[in-house]
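Single-structure report; data block below.
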Amino acid sequence: PELIGQISPLTPETPPDVTLPAWQNDPQPYLSARITVEGTDWQLAVVVPQETLIGPLLERIRWAMGLLLFSLLIIVGAVIMVSSRALRPLEDLARAADEIANGNYQTSLPAQGADEFGRVAKGLRRLSSHQQQQSREHAAELEKLQARMQARSRELGQLVDRYQQQQEELRHARDQAESANHAKSE
């Protein structure tokens, strides 16, 4: 850059940690530092464009942020993949439990092994088998009860028929007795 102005004068009264502007009317920011040379009244000032010092640092920060973002994307992808693989057996078990609850005892239970999913699947298999056995037993009992109910209904129907027949016979006997009484009284 062209020197447009003069370096600001430094006096012994100026504190050594003050940053002084090096150029006037220059939009680019500068950093400056100065020290007093021991044993003399001289002061040494260094003026450096801010971009020269901070530029490489900012470049490294950008590179680190990009690497961090890339790593984060890989981690998120890995978490999604692992969680979907871990949840798939659980979803299959939930589907199988719904099928069993709806009465489909022949549904397949995919999870096997000694882990938690395998133990849950084993328990669901036992539950399904037990429910299927109870369902068969209940169906057999229901058939027996229906057969007994039909037999009782037939017996009741026969009793009703006999009752109606006896009622008819009694009405007929009463009518004959009334006719005989009526004939006798004449």
Side-chain angles (χ1 to χ4, degrees), residues 28-29 31 48-184:
Q28 181 177 353
L31 298 175
V48 179
Q50 187 176 1
E51 183 63 31
T52 304
L53 292 176
I54 297 177
L57 179 63
L58 290 176
E59 184 61 33
R60 285 192 177 129
I61 289 173
R62 284 186 203 108
W63 187 82
M65 292 297 284
L67 184 63
L68 181 66
L69 182 62
F70 178 72
S71 299
L72 183 65
L73 289 175
I74 287 176
I75 289 170
V76 167
V79 165
I80 290 171
M81 187 174 70
V82 168
S83 66
S84 69
R85 288 188 76 200
L87 292 178
R88 188 174 306 124
L90 185 60
E91 290 170 352
D92 292 344
L93 286 174
R95 180 197 47 79
D98 288 342
E99 289 290 322
I100 291 169
N102 290 330
N104 181 6
Y105 302 116
Q106 302 299 325
T107 189
S108 65
L109 294 165
Q112 296 183 6
D115 64 350
E116 290 81 8
F117 294 125
R119 291 196 319 248
V120 170
K122 187 177 180 182
L124 279 175
R125 281 188 199 96
R126 283 195 311 258
L127 176 67
S128 176
S129 175
H130 180 72
Q131 284 297 109
Q132 189 173 16
Q133 180 64 29
Q134 280 191 335
S135 181
R136 280 191 224 124
E137 290 172 4
H138 288 180
E141 283 294 318
L142 183 62
E143 285 180 27
K144 287 179 187 177
L145 287 174
Q146 285 176 338
R148 284 176 53 193
M149 192 170 76
Q150 287 176 350
R152 298 284 178 173
S153 294
R154 280 194 298 274
E155 289 175 11
L156 187 60
Q158 291 170 352
L159 286 174
V160 167
D161 287 345
R162 239 185 287 154
Y163 174 75
Q164 288 176 347
Q165 187 179 13
Q166 287 174 354
Q167 285 288 87
E168 188 63 35
E169 288 174 4
L170 284 173
R171 264 191 249 125
H172 183 60
R174 185 188 63 188
D175 288 344
Q176 284 182 347
E178 285 179 0
S179 294
N181 274 345
H182 188 51
K184 214 190 223 185

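By the side-chain hydrogen bond (donor to acceptor under 3.5 Å, both in side chains) test, His138 pairs with no residue at all, sequence neighbours left out. Residues satisfying the side-chain contact (heavy atoms from CB on, under 4.5 Å) test with Glu51, not counting sequence neighbours, are Gln28. Applying the side-chain contact (heavy atoms from CB on, under 4.5 Å) criterion to Glu137, with sequence neighbours excluded, gives Gln133. Taking the side-chain contact (heavy atoms from CB on, under 4.5 Å) definition, one finds that Thr52 meets it with Val48, Pro49, sequence neighbours left out. Looking at residues two or more places apart in sequence or on another chain, you find no side-chain hydrogen bond (donor to acceptor under 3.5 Å, both in side chains) involving Gln167. In this structure Arg154 satisfies the salt bridge (Lys or Arg N to Asp or Glu O under 4.0 Å) test with no other residue, sequence neighbours excluded. For Arg171, the salt bridge (Lys or Arg N to Asp or Glu O under 4.0 Å) partners are Glu168, not counting sequence neighbours. Partners of Gln164 by side-chain contact (heavy atoms from CB on, under 4.5 Å), not counting sequence neighbours, listed by chain and number: Val160, Asp161. The salt bridge (Lys or Arg N to Asp or Glu O under 4.0 Å) test applied to Glu141 returns Lys144, not counting sequence neighbours. Under the side-chain hydrogen bond (donor to acceptor under 3.5 Å, both in side chains) criterion, Gln176 pairs with His172, not counting sequence neighbours. Asn104 meets the side-chain hydrogen bond (donor to acceptor under 3.5 Å, both in side chains) test with Glu99; sequence neighbours excluded.
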Scan the side chains in residues 70-85 for donor-acceptor partners under 3.5 Å anywhere in the protein, sequence neighbours excluded, and list what turns up.
from: Ser71; atom 1: OG; to: Leu67; atom 2: O; distance (Å): 2.9
from: Ser83; atom 1: OG; to: Val79; atom 2: O; distance (Å): 2.9
from: Ser83; atom 1: OG; to: Ile80; atom 2: O; distance (Å): 3.0
from: Ser84; atom 1: OG; to: Ile80; atom 2: O; distance (Å): 3.3
from: Ser84; atom 1: OG; to: Met81; atom 2: O; distance (Å): 2.9

